[in-house]
Enquirer: 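Dropping a structure here in structure tokens format, bear with me for questions.
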Amino acid sequence: MALPPVGLHGERNPVILAIDPGRDKCGWVFASEEGKLVASGIFSADRAAEFFRAVVSGKGREIASFALEKTGSFPEWFSVHECLVGNGTGKELLLSLAKSVSIGVKLVPEKGTTLLARKLYWKHHPPRGIRKLLPEGMRVPPRDVDDFAALAIVLKFIESQSAR
């Protein structure tokens, strides 16, 4: 399958794609090479093939339909510089789908990403009202944070690369 010039390792708007796998749902994030969130979301595992097709297309509007979070306007075109997948439950389906569309994947340890995901959520959405009064450890985000777990995967990867 021939890849479009921008969908994978192209030149416009390079991002790191990370996926926090799961049996029922998967969190994903597009992040800058510095680890800043560009866009993120959660897709059900049964939509994983559709998600990967959107990634390979390189078209912002196709991946935007999966987004829950974004900073600024989503780019019309993007290219995936790195694709990271957490090494936890559900990774096999994602690895298989990535291979079927010729996306190379790096597995990243997921240890500690769930707790970091909560912290990242509250960093992007500072608590208000009564939540502000609760100790950090007692704050529960009002939605699933699998996408922020994917951002935690990016941050762990960047940290491991700088330690080399």
Side-chain angles (χ1 to χ4, degrees), residues 13-52 54-55 59-76 78-95 97-98 103 105-163:
N13 302 309
V15 292
I16 297 172
L17 166 63
I19 303 174
D20 175 46
R23 282 192 180 96
D24 298 323
K25 62 186 177 352
C26 303
W28 67 272
V29 70
F30 278 172
S32 70
E33 293 178 341
E34 298 80 33
K36 302 251 190 270
L37 184 138
V38 174
S40 69
I42 300 171
F43 60 87
S44 61
D46 61 351
R47 290 188 70 199
E50 183 183 347
F51 177 79
F52 275 101
V55 168
K59 296 177 184 172
R61 73 174 186 279
E62 293 201 20
I63 204 72
S65 69
F66 290 91
L68 291 173
E69 304 274 341
K70 63 182 179 175
T71 55
S73 61
F74 201 83
E76 184 177 344
F78 64 88
S79 64
V80 175
H81 178 70
E82 295 277 2
C83 181
L84 313 172
V85 173
N87 66 348
T89 305
K91 70 180 177 294
E92 294 79 13
L93 170 66
L94 299 175
L95 295 174
L97 287 169
I103 296 176
V105 171
K106 293 180 180 173
L107 285 176
V108 177
E110 283 189 41
K111 186 176 180 177
T113 57
T114 302
L115 290 176
L116 183 53
R118 280 185 174 192
K119 288 181 181 183
L120 291 168
Y121 176 85
W122 291 119
K123 180 180 175 187
H124 284 83
H125 301 283
R128 296 178 178 190
I130 195 156
R131 283 195 174 118
K132 196 174 189 177
L133 302 173
L134 291 172
E136 187 177 313
M138 293 182 69
R139 291 184 198 141
V140 177
R143 69 167 183 83
D144 291 331
V145 291
D146 301 79
D147 54 335
F148 285 98
L151 182 56
I153 289 169
V154 170
L155 297 175
K156 287 182 76 149
F157 175 76
I158 291 171
E159 184 180 305
S160 73
Q161 296 300 297
S162 64

Enquirer: Find the distance between CD1 (Ile153) and CD (Glu110) and round it off to the nearest 0.5 Å.
Expert: 4.5 Å

Enquirer: Take the angle between the ring planes of Phe148 and Tyr121 and call it parallel below 30°, perpendicular above 60°, tilted in between.
Expert: perpendicular

Enquirer: Does the pair Phe78 and Val38 meet the rule for a side chain to side chain contact (heavy atoms under 4.5 Å, CB included), with working shown?
Expert: CA-CA 11 Å; Phe78 64 88; Val38 174; over 6 Å; no

Enquirer: Counting distance only, does the side-chain N/O of Arg139 pair as donor-acceptor with the main-chain N or O of Pro127 below 3.5 Å?
Expert: no

Enquirer: Look up atom CZ in Phe51 and atom CG in Leu94, then write down how far apart they are to the nearest 0.5 Å.
Expert: 9.0 Å

Enquirer: Hey, are the side chains of Leu84 and Val108 touching, using non-hydrogen atoms and a 4.5 Å cut-off?
Expert: yes

Enquirer: Quick one: does Pro142's side chain get under 4.5 Å of Arg131's, heavy atoms only?
Expert: yes

Enquirer: Look up atom CG in Leu107 and atom CG in Asn87, then write down how far apart they are to the nearest 0.5 Å.
Expert: 6.0 Å

Enquirer: Restricting to ring-ring contact (aromatic ring centres under 6.0 Å, His included), what partner residues turn up for Phe157, sequence neighbours left out?
Expert: none

Enquirer: Is Phe52 close to Ile103 at the side-chain level, that is, under 4.5 Å between some pair of heavy atoms?
Expert: yes

Enquirer: When you look at Glu34 and Ile158, which way does the side chain to side chain contact (heavy atoms under 4.5 Å, CB included) test go after all the steps?
Expert: CA-CA 8 Å; Glu34 298 80 33; Ile158 291 171; 5.9 Å; no

Enquirer: With a 4.5 Å cut-off on side-chain heavy atoms, are Glu33 and His81 touching?
Expert: yes

Enquirer: Stepwise, does the side chain to side chain contact (heavy atoms under 4.5 Å, CB included) test hold for Arg118 with Val140?
Expert: CA-CA 8 Å; Arg118 280 185 174 192; Val140 177; 4.2 Å; yes

Enquirer: When the aromatic ring centroids of Trp28 and Phe66 are compared, is their separation below 6.0 Å?
Expert: no

Enquirer: Per the salt bridge (Lys or Arg N to Asp or Glu O under 4.0 Å) rule, what does the pair list look like for residues 40-50, sequence neighbours excluded?
Expert: Arg47-Glu50

Enquirer: Looking at Leu97, Leu95, Ile19, which hits side-chain contact (heavy atoms from CB on, under 4.5 Å) with Val105?
Expert: Leu95

Enquirer: Just checking Leu133: does its CG atom have more than 12 heavy atoms from other residues, nucleotides or ligands closer to it than 6.0 angstrom?
Expert: yes

Enquirer: Can you find a heavy atom in the side chain of Lys106 that is under 4.5 Å from one in the side chain of Val85?
Expert: no

Enquirer: Tell me, with the steps shown, if Lys156 and Thr113 meet side chain to side chain contact (heavy atoms under 4.5 Å, CB included).
Expert: CA-CA 9 Å; Lys156 287 182 76 149; Thr113 57; 3.7 Å; yes

Enquirer: Can you list everything that forms a side-chain contact (heavy atoms from CB on, under 4.5 Å) with Pro126? Sequence neighbours excluded, please.
Expert: none

Enquirer: Taking atom NZ of Lys36 and atom CG of Leu155, what is their separation to the nearest 0.5 Å?
Expert: 9.5 Å

Enquirer: If you define the side chain from C-beta out and look only at heavy atoms, does anything of Leu37 sit under 4.5 Å from Lys70?
Expert: no

Enquirer: What's the separation between atom CD in Glu69 and atom CD1 in Ile42, rounded to the nearest 0.5 Å?
Expert: 9.0 Å

Enquirer: Is any side-chain heavy atom of Trp122 closer than 4.5 Å to a side-chain heavy atom of Glu136?
Expert: no

Enquirer: Just wondering, do Ser79 and Val15 contact through their side chains at under 4.5 Å, heavy atoms?
Expert: no

